[in-house]
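Everything on this sheet refers to the single structure shown next.
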Amino acid sequence: MESKYTPSLFEAKISDFWEKKGLFTAQVDPKKEPFCIILPPPNANGSMHLGHAMFTYEDIMIRYQKMMGKQTFWLLGLDHAGFETQYVFEKHLKKQGKSRFDYTREELFQTIWDFVMDNKDTIKKQLRRLGYALDWKKEKFTMDPSIVGIVLQTFKDLFDKGLVYRANRLIHYCTSCGTSFSDLEVQYKERIDPLYYIKYGPFTLATVRPETKFGDTALAVNPDDIRYKEWVGQELEIDGLIGPFKIRVIADKAVDPEFGTGVVKVTPAHDFTDYEMAQRHNLPLKQVIGFDGKLNEAAGKYKGLRIFSAREQVVRDMTKKGLIVKIQSDYTHRVGTCYRCGRVLEPLPKEQWFIKVKPLVDDIKKIINKRSLVVYPKRFEKQLVRILDNFIDWNISRQVVWGIRIPAYECQSKKKWFVSLEKPKKCHICGNCDFKQDEDTFDTWFSSSQWPFATLMTESKDIYNYFYPTSVMETGHDILRAWVARMLMIGFFATKQLPFQMIFLHGMVRDGKGQKMSKSKGNVIDPLLLIETYGADALRSALIFGTKEGGDVALSEEKVKGMRNFANKIWNIGRFIEMSSQTNDQSSKHIKNGKKEITENLEKEYESLRREYMINMKKYRFSQALGDVYEFIWHRFADYYLEELKEELKNGNISVLETLKKVYLGNIKMLHPFMPFITEAIGHVFYGEETSLLQIGFK
RNA sequence: GGCCGAUUAGCUCAAUUGGUUAGAGCGCUGCAUUCACAUUGCAGAAGUUGGGGGUUCAAGUCCCUCAUCGGCCACCA
């Protein structure tokens with residue numbers, strides 16, 4: 001053994017060793033208990049980042065369970081990440097002076113496909129460097145034909161059961177990215193905008209969006225507001241910027257009498273609250289803003305103006321007519337923005353596919369209330385229940401090319417929609433054969449929500465039956481809502497079982513000062529650089545050491561360095577024991593143990609450590625388990641016991657050596673789930689090149 | 001506005017159901033180098049556990065209150 005442990009000399013070799021031995025290969029063994037984790041599929045549109053290194057928790061669980069004798073399966077997969085990928089790709093195109101409009105739908109799809117295939121391989125290679133015990137041969141991709149088939153089938157099943165419907169509703173739309181979003185994807189940002197007090201017939205009312213006034217279909221006041229009681233129900237004739245128009249006054253509880261003047265204009269096509277009011281009062285929708293972000297013909301002479309210039313123009317014209325009473329310039333409010341490009345999202349009416357979530361939620365809530373789903377850390381269980389209670393119908397239509405195209409066909413003569421895995425041959429209502437497939441693709445989360453069962457279903461029936469439902473869903477708590485909750489809903493719908501028995505949520509990786517990592521702050525740490533410099537084991541254990549499960553991790557280079565030092569420490573302990581073994585060859589005898597008390601204490605301490613370790617691992621207290629071994633091996637075993645027993649070793653006391661070896665190797669095994677490379681390298685020295693600690697287990 | 005979390009050494013964080021003298025990593029100070037390891041060892045400095053109140057034989061831990069920070073949700077023109 002060298003005097004230093006050099007990770008780069010071992011890591012690649014050991015990865016190959018594991019795979020050659022097929023240690024990660026999923027198998028069905030009825031005599032063994034299965035343990036299965038589905039990797040949260042990374043987006044196939046970029047490189048590995050530190051967040052992916054948090055999958056170390058999954059690796060720890062898999063390796064630990066394997067060493068406990070279970071039949072494990074950790075399934076690798078990648079996500080096409082529909083809109084996200086298209087966005088990244090379009091930015092890419094822009095650099096080359098191109099845009100998506102230079103391509104046909106098919107060409108664009110194919111080009112992104114090639115781009116994604118390259119990325120897929122890159123990120124896979126990068127993940128492999130972390131030493132993950134994934135079954136590398138069974139890679140899945142959300143766009144695999146077999147997966148797509150299942151996704152389409154689920155959609156059809158939902159449709160047939162009346163849980164999917166098409167409706168013209170107000171949706172969040174990014175006029176720059178050209179697609180709609182679900183409510184979960186909206187990012188609200190605080191903004192300061194002018195609040196205009198405008199004259200509106202006999203009233204004055206406050207609005208930040210005077211440009212939408214052409215889409216007003218009512219005026220509303222609070223039913224209890226005595227100031228306006230007499231007006232309710234009346235129809236007014238008002239002289240507007242583009243001519244006179246008639247408008248009705250309604251009373252609705254959504255109006256806050258304290259805000260502004262207590263009167264609001266109702267613009268159902270461009271505001272969510274107004275839309276709801278319109279539903280209650282049967283008001284018509286009048287769209288004045290198009291999907292291009294410009295005003296349309298309903299806005300008369302303002303047609304063609306972008307929203308913000310239209311606003312300026314309208315305000316200017318209204319000022320001229322004396323219709324602006326006052327402007328409050330420091331009005332602070334929150335607006336929905338596009339989480340990718342950051343621009344303000346427009347509420348726009350659009351025909352889209354929606355999933356009815358209430359019945360799906362009700363089903364799984366019963367099970368969760370029976371406590372048959374474990375959530376760790378526990379506090380997230382409450383959050384999950386709240387999330388389920390607040391789900392609203394899920395808009396799954398996206399106006400992007402990169403994704404799974406919705407299998408819905410419209411009969412061109414009857415304008416009726418059919419959901420079918422293939423293009424229908426004939427409309428059974430009119431007999432016509434002219435169908436047009438919906439241009440839209442699914443929200444990426446619709447395919448991700450099926451990931452645990454869809455991936456396993458594409459394996460053999462035996463594999464599916466053996467490993468499904470999966471054991472643990474381990475992921476970041478930031479996607480509890482967008483992903484985990486939806487997997488529960490759709491997974492239960494499709495398989496009549498919850499897709500996993502347990503949810504383990506990890507926190508976010510932050511920089512050494514606890515700050516969020518971001519490109520603009522310049523504090524982003526590249527995991528590959530850390531691996532190259534300090535080794536994968538050091539990075540992995542730095543993410544776990546001294547943290548609390550579910551909490552954020554502050555990761556500094558110094559911390560990784562500290563763990564690298566630890567790796568070197570255990571390496572040198574091994575080196576010392578190995579050297580002592582060679583000195584104490586066959587000629588050594590079991591001589592009288594002059595340090596009997598010390599070796600006995602050592603064994604006692606070790607046994608108690610082992611017990612604690614087993615309890616901690618079972619209870620998912622990984623950080624504690626690692627911390628205890630760290631403390632013991634360095635500050636008890638090396639600093640104290642080894643120093644005390646050194647003399648005895650030199651005297652050729654082979655029983656002391658045996659005790660030391662036993663305790664040391666016991667610790668190496670306990671460390672293996674956390675630091676797989678170095679422990680395996682040490683294992684090779686003591687157990688031979690052909691043996692893996694994963695096979696030896698904790699025995 | 002609602003919910004949740006946090007506040008512990010210079011920095012980043014632990015402390016498993018309340019139980020010895022509150023710990024670690026990094027940093028800092030001093031000493032040690034023909035020793036398995038300087039990616040080391042030994043020794044050390046460093047904390048009124050955010051403030052205040054309460055329960056208890058016993059509180060970092062439980063309760064109340066105040067303050068500050070963070071996250072999620074709702075989202076009023």
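Only heavy atoms go into these numbers, but all of them, side chains included; no hydrogens, no water, no symmetry mates. Each chain gets a letter, A, B and so on, in the order its sequence line appears, and its residues count up from 1. Not measured: the values here are computed from a predicted model.
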Checklist outcome for this item: Across all chains, not counting sequence neighbours, the salt bridge (Lys or Arg N to Asp or Glu O under 4.0 Å) partners of A:R227 are A:D225

Next on the checklist: I want to check something: taking the side chain as every heavy atom from C-beta on, are A:T212 and A:D271 in contact at a cut-off of under 4.5 Å?
Outcome noted: no

Next on the checklist: Can you say whether a donor on the side chain of A:K646 sits under 3.5 Å from an acceptor on the base of B:A36, or the other way round?
Outcome noted: yes

Checklist entry - Between B:A14, B:G71, B:A36, which nucleotide has the shortest distance from any of its atoms to the side chain of A:K548? => result B:A14

Item to check | Value in whole Å for how far the P atom of B:G41 lies from CG of A:N565 | outcome: 9 Å

Checklist entry - With the threshold set at 4.0 Å, does a side-chain nitrogen-carboxylate oxygen contact exist between A:K4 and A:E2? => result no

Checklist entry - What integer distance in Å separates A:D552:CG from B:U12:P? => result 14 Å

Item to check | Cationic N near anionic O, under 4.0 Å, A:K365 to A:D389 | outcome: yes

Checklist entry - Any stems for RNA chain B, made of 3 or more Watson-Crick or G-U pairs in a row, each with both distances under 3.5 Å? => result B:1-7 with B:67-73, B:10-13 with B:23-26, B:28-32 with B:40-44, B:50-54 with B:62-66

Checklist entry - Considering only the C1' atoms, how many Å lie between B:C26 and B:C66, rounded to the nearest integer? => result 34 Å

Checklist entry - Considering only B:U40, B:C75, B:U16, which nucleotide approaches the side chain of A:T273 most closely? => result B:C75

Checklist entry - Looking across every strand, which nucleic acid part, if any, lies under 4.0 Å from A:S556 by heavy atom: base, sugar-phosphate, or nothing? => result nothing

Checklist entry - When we call it a touch if two heavy atoms are under 4.0 Å apart, what does A:R621 touch: a base, just sugar-phosphate, or nothing? => result base

Checklist outcome for this item: Per atom distances to the A:I573 side chain, the nearest of B:A36, B:C73, B:A14 is B:A36

Checklist entry - Checking all strands, does A:K4 fall into the base, sugar-phosphate, or nothing category for heavy-atom contacts under 4.0 angstrom? => result base

Checklist entry - Nearest of B:U39, B:C3, B:U16 to any side-chain atom of A:N616? => result B:U16

Checklist entry - Tell me: CD1 of A:I633 to P of B:C37, nearest whole Å? => result 17 Å

Checklist entry - Just checking A:Y200: base, sugar-phosphate only, or nothing, at a heavy-atom cut-off of under 4.0 Å? => result nothing

Next on the checklist: Counting only side-chain heavy atoms from C-beta out, which of B:A15, B:C37, B:C73 sits nearest to A:S3?
Outcome noted: B:C37

Checklist outcome for this item: CG (A:D537) and CE (A:M563) are apart, to the nearest 0.5 Å, by 9.5 Å

Checklist entry - Hey, does the side-chain of A:E631 have a donor or acceptor N/O within less than 3.5 Å of a partner on the base of B:A14? => result no

Checklist entry - Out of B:U39, B:G71, B:C13, which nucleotide sits closest to the side chain of A:A554? => result B:C13

Checklist entry - How long is the line joining OH of A:Y275 and P of B:C76, in whole Å? => result 16 Å

Checklist entry - With a 4.0 Å cut-off on heavy atoms, is A:H333 in touch with a base, just the backbone sugar-phosphate, or nothing at all? => result sugar-phosphate

Next on the checklist: How many whole angstroms separate atom CG of A:N568 from atom C1' of B:A38?
Outcome noted: 10 Å

Item to check | Phosphate-side-chain proximity, A:R209 and B:C76, N/O vs OP1/OP2 below 4.0 Å | outcome: no

Checklist entry - With a 4.5 Å heavy-atom cut-off, do A:R334 and A:R191 have their side chains touching? => result no

Next on the checklist: In whole Å, measure the gap between the C1' atoms of B:U7 and B:U61 for me.
Outcome noted: 14 Å

Checklist entry - For A:R481, which contact category applies under a 4.0 Å heavy-atom criterion: base, sugar-phosphate, or nothing? => result sugar-phosphate

Checklist outcome for this item: Looking only at B:U12, B:G41, B:A15, the nucleotide nearest the A:D639 side chain is B:G41

Item to check | Under-4.0 Å salt bridge between A:R621 and A:E549 | outcome: no

Item to check | Sugar-phosphate only, base, or nothing, as touched by A:V255 at under 4.0 Å among non-hydrogen atoms | outcome: base

Checklist entry - Does any donor-acceptor pair link the side chain of A:R379 with the base of B:C4 at a separation under 3.5 Å? => result no

Next on the checklist: Mind checking if A:H270 touches a base, just sugar-phosphate, or nothing, with heavy atoms under 4.0 Å?
Outcome noted: nothing

Checklist entry - More 5' along RNA chain B: A:D256 or A:K569, using each one's nearest nucleotide? => result A:K569

Item to check | Separation of the P atoms in B:C3 and B:C11, to the nearest angstrom | outcome: 32 Å

Item to check | Integer-rounded Å distance: B:U12 C1' and A:E557 CD | outcome: 15 Å

Next on the checklist: Taking B:A9 as the reference, what is the distance to B:A22 when you measure between their P atoms (whole Å, please)?
Outcome noted: 14 Å

Checklist entry - How would you label the contact of A:K382 with the nucleic acid (heavy atoms, under 4.0 Å): base, sugar-phosphate, or nothing? => result sugar-phosphate

Checklist entry - Tell me: OH of A:Y630 to P of B:G25, nearest whole Å? => result 5 Å

Next on the checklist: If I pick the P atom on B:U48 and the same atom on B:G10, what distance separates them, to the nearest angstrom?
Outcome noted: 8 Å

Item to check | Contact check, side chains of A:V472 and A:V374, non-hydrogen atoms, under 4.5 Å | outcome: no

Checklist entry - Using atom P of each nucleotide, how far apart are B:C4 and B:C62 to the nearest Å? => result 14 Å

Next on the checklist: If you assign each of A:N572 and A:E258 to its closest nucleotide in RNA chain B, which residue comes earlier from the 5' end?
Outcome noted: A:N572

Next on the checklist: I want to know whether A:F272 and A:H172 have ring centres closer than 6.0 Å.
Outcome noted: yes

Item to check | Among B:G25, B:U12, B:C26, the one nearest A:F545 by side-chain distance | outcome: B:G25

Item to check | Residue A:K229 excluded, over 12 heavy atoms near NZ under 6.0 Å | outcome: yes

Checklist outcome for this item: A:E612 has its side chain closest, among B:G71, B:U16, B:G2, to B:U16

Checklist entry - Between B:C26, B:G2, B:A36, which nucleotide has the shortest distance from any of its atoms to the side chain of A:E558? => result B:C26

Next on the checklist: Given the ring of A:F576, does A:K646 sit roughly above its face, with NZ or CZ under 6.0 Å from the centre of the six-membered ring and within 45° of the axis?
Outcome noted: yes

Item to check | B:U21 to B:U33 separation - C1' atoms, rounded to the nearest Å | outcome: 34 Å

Checklist entry - Expressed as a whole number of Å, how far does the C1' atom of B:G50 sit from that of B:A45? => result 24 Å

Next on the checklist: If the cut-off is 4.0 Å, is A:H635 near the phosphate of B:G25, judged by side-chain N/O to OP1 or OP2?
Outcome noted: yes

Item to check | Rounded interatomic separation in angstrom, taking CZ from A:F380 and P from B:C72 | outcome: 11 Å

